[in-house]
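First the structure, in the form of structure tokens, and then the observations on it.
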Protein chains: 2
Amino acid sequence: MAGTTERGEAGERGPGRRAGRPATIKDVAAAAGVGIATVSRVFSGGSVSADTRARVLAAAGELDYRPSAVGRSLKLQRTGGIGLIVPDVTDPFCADLIAGVLDCARTFGEHVLLDAAHGDAAREAAIADRMMEQRVDGIIAVPEGAPAAWRSVVAAGARVVSVDRVLAGAPEILTVLIDDRAGVRALVEYLVGLGHRRIAFLGAGAPAVARERAFRDTLAQLGVAVDEDLVVAARPERDSAYAAAAGLLQRQAGASAVLAAGHLIGEAAVLVARELDLRVPADVSIAMVGDVSWAELCDPPLTAVARPGHDAGYRACELLLRDRARAVGGPVLLPTELVIRGSCGPPRRS
Amino acid sequence: MAGTTERGEAGERGPGRRAGRPATIKDVAAAAGVGIATVSRVFSGGSVSADTRARVLAAAGELDYRPSAVGRSLKLQRTGGIGLIVPDVTDPFCADLIAGVLDCARTFGEHVLLDAAHGDAAREAAIADRMMEQRVDGIIAVPEGAPAAWRSVVAAGARVVSVDRVLAGAPEILTVLIDDRAGVRALVEYLVGLGHRRIAFLGAGAPAVARERAFRDTLAQLGVAVDEDLVVAARPERDSAYAAAAGLLQRQAGASAVLAAGHLIGEAAVLVARELDLRVPADVSIAMVGDVSWAELCDPPLTAVARPGHDAGYRACELLLRDRARAVGGPVLLPTELVIRGSCGPPRRS
DNA sequence: TTGAAAGCGCTAACAG
DNA sequence: CTGTTAGCGCTTTCAA
């Protein structure tokens, strides 16, 4: 009867434990007849006698107990989670990046909070803020906002790793970069080697400045003049890319090859070329930065510069989690790979 | 001098506040000369006099204070986060789904924990478990594990929404489905209407059972016999898909059209057809389920059944967050759309 | 090996 | 309107 009384005191949760709030460490302790400290030890690897441990585990199983990460985080002052902010989850590069972060995070036993900023700096800042409130152990971002905004995030005590963008004047922010310069250089050398002299660059401006620079520099090194008419701005969005591609190709500017600064722009170039009945590569060669999956499916398959998104994410996460000593020298630079397919050939003899 | 003493007592954090641990509600209260409850009210919308509020806000700004979501979660017994488990972030459908969830979660002010199970049921279960420990307010998943495993998750008190899979025998689990049956039916009707009688189904088995069923049923309804030689199994992975496509197309089974059950399988079919120098659609028509971006870039552009991934994610999240009353009748069924492009034509006269 | 107790940052009930 | 206080679930000294 004493036993019955005890159960009564413990509440309705014994038999038919309704899906009420989850069991707590106290419930388990009571059920196992031990102190809560012992239960804690069982679950966080302290030393407990085999006998006691078994009893605790049994009770925990009975109650379907899971230690609350919230309670633990509060005590430990770290959550074991990291924040990841990308421009757009559906972009193949971002998707690879996310996969990389997830893979690495898993090896560290960290979980990942994800959000997308969609090119909106204010939104990005709000997301970062929220993640700080969640007390993530660090933030990985493909930042679109101003360096100042991110500097304030690190000032607030966050560890942040920037991927694929350099945040000028923020030495505390570790950076993982992809060597687009080398990639573009290889591509330009390839095109020039094929005999092209009038190479268009599609997608100048904003996020692709480094690529444009590499384009100009390489051409200069090779002694090929840049025709400014062939350098056209485009944002990496379908409408902008399409407009730019159509503008370039329709006006018959005499480009024998088109270098698209990104995969969306490459997509537009392919589409426009097809609509204008330009044969690739007979009439015009096309190549792009970003080796997305359709490049191989295209007809002809598109030559492209592959960018290691998965690696970038993985490395970024490693940087964030492993090298807690800030002293990492300079940004990590990841190599690209020129994937030559069938979309580039010698220019048509005019 | 009294002032000086106070600052001294407050510690080193006044001037040049080193990036120590983040300021707490206590710090702010002390700095503003109010009680912690008042600070709490300022930040969680209680009533505070304008004057006091200003002082608190000033102090908080000075200290760069952000309320800790961990503390709040512990007190409130809810974290404001939801878990999202997909098979693979880099799959275009999953990416759309994630974007949808993110969009919806934002309108509810919830954050999202993401992880990928990669077809591994055990890993999926571990992820779900971890999310439960994090005390997410609910879990959205494209489940790959057994219904039993998920039933135990809901038994543990979690709200879960299943997307794109039905978890048999788990009435508590809300479900968002995509009407693949209708999509495949439309596609088959289209092909039969074009004159095809020997239609191959590539990708029978595992995750595509509903699609295969719809394939068979529709053919039966239209009075067209199914040649079992033309129904070949394939998992939605590149190697398996490729093997299946090559197997089918190389043996010259006499299929005049190929229906690929997924985009990876469609990709394989396109590649194999190209290698075998089969003209599309002159020699063989190809269509697939899943309208990924390359379908339009392909040559010829591929006819496909578009599946609303973004919508599915959005609706799933809504279901999880809005309709907290379980009484939702049956699964949500989202319509597909048949996108007709150039990859299907009348069969070659033999 | 084990238990009691303090305290992580916060909210809410209760006084004043 | 404001402050005091208890307590959310957990880890971790400190004793026993």
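Proteins get letters first, then strands, A, B, ... in listed order; numbering begins at 1 in each.
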Task: Separation between CZ of R41(A) and CD1 of I36(A), rounded to the nearest 0.5 Å - done: 10.0 Å

Is the closest basic N to carboxylate O distance between [X] and [Y] below 4.0 Å?
{"X": "D129(A)", "Y": "R66(B)", "answer": "yes"}
{"X": "D51(B)", "Y": "R53(B)", "answer": "no"}
{"X": "R123(B)", "Y": "E144(B)", "answer": "no"}
{"X": "E318(B)", "Y": "R315(B)", "answer": "yes"}

Open item on the list: Based on the rotation axes of five pairs at each end, what angle does the helix from dT1(C)-dA16(D) to dG16(C)-dC1(D) bend through, to 10°?
Closed with: 40°

Task: Donor-acceptor pair, side chain of D137(B) and main chain of I82(B), under 3.5 angstrom - done: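 It does not hold such a pair.
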
Task: Whether D91(A) side chain and D88(A) backbone form a donor-acceptor pair below 3.5 Å - done: no

Open item on the list: Can you tell me if S49(A) touches the phosphate of dT1(C), counting only side-chain N or O atoms and a distance under 4.0 Å to OP1 or OP2?
Closed with: no

Open item on the list: When you measure from the side-chain N and O atoms of S47(B) to the phosphate of dC1(D), is any distance below 4.0 Å, counting only OP1 and OP2?
Closed with: yes

Open item on the list: Within the 4.0 Å heavy-atom criterion, would you say S73(A) contacts the bases, only the backbone, or no part of the nucleic acid?
Closed with: nothing

TODO: Can you check each nucleotide of nucleotides 8-16 of chain C against protein heavy atoms at under 4.0 Å and return B for base, S for sugar-phosphate only, - for none, in 5' to 3' order?
DONE: BBBBBB---

Task: Distance-only side-chain donor-acceptor flag, H310(A) / D103(A), under 3.5 Å - done: yes

